[in-house]
Amino acid sequence: MVFWAFRASTYIVLLCGAAVFLTIFFKGAGTVFKTEAPFINTTFFTEAPETLYVFEYKGEDMEMGDKEFRAFKEMNPDAAKVSTSTFAYSAGGIWPAIAGTLLLVVGSMTIALVLGVSAAVYLSEYARDGAFIRFVRLAILNLAGVPSIVFGLFGFGMFVSFFGWNVSLLAGWFTLAFMVLPVVITASEESLQAVPQGFREGSLALGATQWQTIRKNVMPYALPGILTSSILGIARVAGETAPIMFTAAYVVRDKLPWEDLMNATDFFFQGVMALPYHIYVVSSKIPQNEYTERVQYGTAFVFLMLVASVAATSIVLRNHLRNRYKW
Amino acid sequence: MFPVVSDDQPSPQESQVDATIMKRFYDTELENFRNHLIKMGEISIQQVHDAIQALVESDVAIAKKVIAGDDELDDLEVLIDEDAVTYMNMRAPIASDLRLVIVGMKASHDLERVGDEAVGIAKRAKRLAAEVPFKPYIDLPRMAAIAVEMLRDALDCFLDHDAEKAATIIKRDKEVDALNKQLYRELTSYMIEDQHTISRAIELMFISRSLERIADHATNIAEEMIYLVNGKDVRGG
Amino acid sequence: MVTTEIPMDTRSKSSVTSTPKSAQSSGSKAVGAVGKTLIDIDHVDFFYGENQALFDINMKIEEKKVTALIGPSGCGKSTLLRCLNRMNDLIDGTQIKQGKITVRGIDINSPEVDPIELRKRVGMVFQKSNPFPKSIYENITYGLRLQGENNKSKLDEVVERSLRGAALWDEVKDRLDTSGLGLSGGQQQRLCIARAIAVEPEVILMDEPCSALDPVSTSKVEELIHELKTQFTIIIVTHNMQQAARVSDRTAFFYMGKLIEYDDTQTIFMKPNHDQTEAYVSGRFG
C-alpha cells in the first residue's frame with residue numbers, strides 16, 4: 001500500500017515536470033525552429049530584441065522587426081502611412097541576453113569555485129575544530145537559506161553603491177557567486193572528507209607537506225564531487241533573476257559588453273542583458289499578447305537549452321576526471 | 001610437504017595444484033637440527049662398530065677411542081634438546097615439522113643410550129683384551145652386525161624419509177633377541193664346565209646384553225621414524 | 001627557520017637486490033650484547049589532551065635490528081610508534097609532556113627539527129594498506145617526486161630497486177602502469193613497503209602490517225622483514241605473538257601505557273623476567 005503511495009507521488013512529480021518542460025517546448029518551438037532550412041531561427045539567436053510592427057499592406061498581414069520595417073519603408077514609401085500595431089521586444093532575437101547569461105554564469109562560477117573550494121579546503125584540511133569553526137560552518141549553512149532577493153539587495157548595497165561599481169558584470173558576478181557559495185562549499189567539503197584518511201597519512205608519512213598532500217593526493221580525487229556541486233551551482237546562477245535585477249541586468253541594452261570600450265578594463269563594468277530577466281521583462285513589464293508569448297516561450301526554451309548544455313559539459317568533464325582519478 | 005605413502009590412505013593423485021613452496025628463513029634451523037641428528041646417528045653407529053672391533057681384535061687403543069668419543073654424543077644430545085625446545089617455543093611448528101622436532105628429541109635419547117652401551121662394550125673389551133679368549137667370537141660379531149645394520153637402516157629411513165625399511169628393522173630385533181638367548185645358554189654351559197671362564201663369560205654376557213639393548217634402541221628409533229613419516233604411532237604393536 | 005639535520009650514517013648505497021628465497025642463518029640467538037643505539041626514548045610521558053597514554057617509557061632501539069612492540073589492545077604501543085615519526089602531531093591535543101625522543105642524538109620534537117624531514121628518514125607502513133589510486137610506478141616514485149627528483153632513468157632505477165627489495169618485482173614488472181589498487185591484499189602491503197623504502201629511510205615503522213593479510217601473504221611479508229633488516233632498522237607493532245617471536249631480535253612488552261619488559265626476543269619468550277610478560281606471551285590475558 002505504502003509502496004503505491006510512493007510510486008504515485010514519484011509519478012506526480014514526473015508529470016508536473018513533464019508538463020512544464022513540454023509546455024515550454026511546444027510553445028517555444030515555434031519561435032526557435034523554422035520549417036525551412038536551416039531549421040533554426042538564427043535571427044532569434046543572433047539579433048538583439050526589436051519592436052515588432054504588425055500591419056496590413058496591400059491586403060496582406062505583415063509583421064516585421066524594426067530594421068526590416070525601415071528597409072521596407074524605404075523600398076515602399078507608401079508603407080510609411082500605414083497604421084501599425086507595435087509590440088515591444090517581440091521581434092529580433094535574444095542574442096544579447098544569451099551572451100549576458102553566459103558571461104554571468106562563467107564569471108560567477110569561477111569566483112564561486114575559487115572562493116568555495118579554497119574555503120572547503122581550509123575547513124576540511126586545515127581548520128582545527130573549535131567554537132569559532134563551528135560558528136563558521138553554521139553561518140555557511142544559514143547563507144544557503146537566504147532568499148535570492150536579499151542577495152540582490154546585498155549586492156546592490158555592497159558592490160553597486162559602496163564599491164561604486166554600478167550596475168556591472170563585476171557586481172553581478174560577486175552577487176551570484178556569494179549566492180551559490182554555500183552549496184559549493186558544503187559539497188566540496190563533503191567531497192574532500194570522502195577521500196580516505198589513508199591517502200593523507202600515507203602521503204605525510206613519506207615526507208610530504210600538508211599542501212603537497214592536498215594538492216597531489218586529496219584534491220584530484222575530490223574533483224568529481226566538486227564539479228557536481230558546480231553543476232547545481234550553474235543551474236541556480238543562470239536562472240536567478242532577483243540577484244541580477246539591481247546589480248547587473250538591463251532591460252535592454254544596445255551594445256554588447258565588449259563593444260565600444262574606452263579601455264579593456266571597462267569590460268568588467270558593463271551591464272548586460274540576461275535570459276531570466278528578459279523573460280521577466282517580456283512577461284510582466286509589457287502588455288501581453290500572442291506576440292510577446294512567442295518571445296517568452298522562445299526565450300524560456302533557449303534558456304533551458306543553455307543551462308542543459310553547460311551542465312552537460314560539466315558532467316562530461318566530471319566523468320572524465322572520475323575515470324582519470326579512480327579510487 | 002612430503003608425499004605420504006601408506007596402506008590405508010588413497011593413492012595420491014599427481015599434484016594438480018602447483019603450490020610453490022616457500023623457504024622460510026628459519027628453515028635453516030630445522031636443517032641444522034636434522035644434521036645434528038644425522039651426525040649423532042653416524043657417530044653412534046661408528047661407536048658400536050668400533051667397540052665390537054676392539055673386542056674381536058683385542059685392541060685396547062680402539063676401545064679407548066670409543067670411550068673418549070662418547071662425550072661428543074652427550075654434547076649432541078644436549079644440543080638437540082635445547083634446539084628442540086627453542087624451536088618449539090619460537091617457531092610453533094606444525095605437522096611434519098613438529099613431528100620432526102619431537103622424534104628428534106626422542107631419537108637423540110635412544111642414540112645417546114646406544115653410545116653408552118657402546119662405551120660399556122668397549123670397557124669390557126679392554127678388560128677382555130688382557131686375557132685369552134676361550135672361545136672364538138662368532139655370535140657377538142653377528143649380533144653386532146645385525147644391530148649396526150638396524151641402526152644404519154633406521155638412519156636411512158630418516159635420510160630418505162621412507163618408512164618401508166622401518167618395518168624390517170622391527171622384525172630383525174627378534175633375531176637379535178634369539179641370538180642373545182642362544183649366547184646366554186652357550187656361555188652358561190661354558191661356565192658350568194670350567195669355572196675359570198666365569199669372569200670372562202660374564203663380561204661376554206653383558207656385552208651380549210648391551211648389543212641386545214642396542215637393537216632395542218634401534219627398534220625404538222625405527223618406530224619413531226614410522227611416526228615421523230606417517231604420523232602414526234606403531235608402538236605396542 | 002634553521003633546520004637541524006639529523007646526522008646520516010655512512011652506509012653505502014648498495015642496492016637491495018637480494019631475492020626473498022635466500023636463506024639466512026637465524027640470528028635470533030642474540031646474547032645480551034647490545035648493538036648501536038639509533039633511537040633513544042628517554043623518560044617519555046605522552047598525553048592525548050588530558051589523558052596520559054604513555055608513562056615514563058625508557059628504551060633504546062638498536063640499529064639494523066627488528067624490535068617488536070607487543071601488548072594488549074590500548075596499551076600504547078601504536079601511540080609510541082607514531083611518536084617516532086611525529087604522526088601524532090596530526091591529532092589535536094597530543095603532546096609529550098616530559099622526556100624526549102632522540103634519533104642519533106637529535107631530539108625530534110625540538111623546534112629546529114622539521115617533521116617533514118624526519119618522516120623522510122623514518123618511514124611508516126600502516127595496518128590497512130593504503131596504496132594510492134595511482135599506477136604502481138607512480139606510487140613508488142611519489143616520495144621521490146616530492147623531493148623534486150624528476151630524472152626518468154633515476155626513477156626507473158629506484159622503482160626496480162624498491163620493488164625487488166619488497167619481493168614484488170617479478171609479480172608486477174609487466175604492469176607498472178596499472179593501478180596499485182588492482183593488486184591483492186598482500187601485494188598491496190608489499191607495494192606500500194616498496195613505497196616506503198624507495199625514499200631510503202633509516203627506520204621503517206610497521207603498525208601491525210600483517211593483521212589484514214592471509215597466512216601466505218603474512219609469510220611473505222615476514223620473509224621480507226627478515227631481508228630488510230640488513231638495510232633498515234625496523235620497529236614493528238604486532239598482536240601476533242608468534243610473529244614477534246619469529247621475526248624480531250628485541251621485544252618490548254607494554255601494558256596500560258607502561259613498558260613492562262624490554263629484552264632479547266628469546267628471553268621474552270623462553271623465560272621472561274616479569275610474571276605479567278609470561279602471562280601475556282603464553283596467552284593468559286590480553
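In what follows, chains are A, B, ... by sequence order, proteins preceding strands, each numbered from 1. What you are looking at is a predicted structure, and each value in this text was computed from that prediction instead of being measured.
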> Indicate yes or no for a side-chain donor-acceptor contact from C:Arg246 to the backbone of B:Arg91 under 3.5 Å, with no hydrogens or angles considered.
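No; zero donor-acceptor contacts below 3.5 Å.
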> Return yes when atom NZ of B:Lys165 has more than 12 non-hydrogen atoms of other residues, nucleotides or ligands closer than 6.0 Å, and no otherwise.
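Yes, the 6.0 Å shell around NZ holds more than 12 heavy atoms from other groups.
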> If every non-hydrogen atom of B:Asn89 is compared with every non-hydrogen atom of C:Phe269, which pair is closest and at what distance?
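For B:Asn89 versus C:Phe269, the nearest heavy atoms are ND2-O, 2.8 Å.
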> Quick check on C:Tyr137: does its OH atom have over 12 non-hydrogen neighbours (other residues, nucleotides or ligands) under 6.0 Å away?
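It does: C:Tyr137 OH has more than 12 such atoms within range.
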> Assess whether atom CZ of B:Arg209 is packed by more than 12 heavy atoms of other residues, nucleotides or ligands within 6.0 Å.
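Not more than 12 within 6.0 Å, no.
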> When rounded to the nearest 0.5 angstrom, what is the spacing between CD1 in C:Ile225 and CZ in B:Phe25?
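Going from CD1 on C:Ile225 over to CZ on B:Phe25, the span is 8.5 Å.
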> Mark yes when over 12 heavy atoms from residues, nucleotides or ligands other than C:Met270 sit less than 6.0 Å from its CE; otherwise mark no.
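Correct, the count exceeds 12.
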> For atom CG of B:Asn35, decide whether the heavy atoms of other residues, nucleotides or ligands shown that lie under 6.0 angstrom number more than 12.
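Enclosed.
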> With side chains defined as the heavy atoms from C-beta onward, is the minimum distance between C:Glu222 and B:Arg24 less than 4.5 Å?
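Contact flag for C:Glu222/B:Arg24 side chains = yes.
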> Are C:Thr265 and B:Met90 close enough that some pair of their side-chain heavy atoms sits under 4.5 Å apart?
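With C-beta onward as the side chain, the pair touches.
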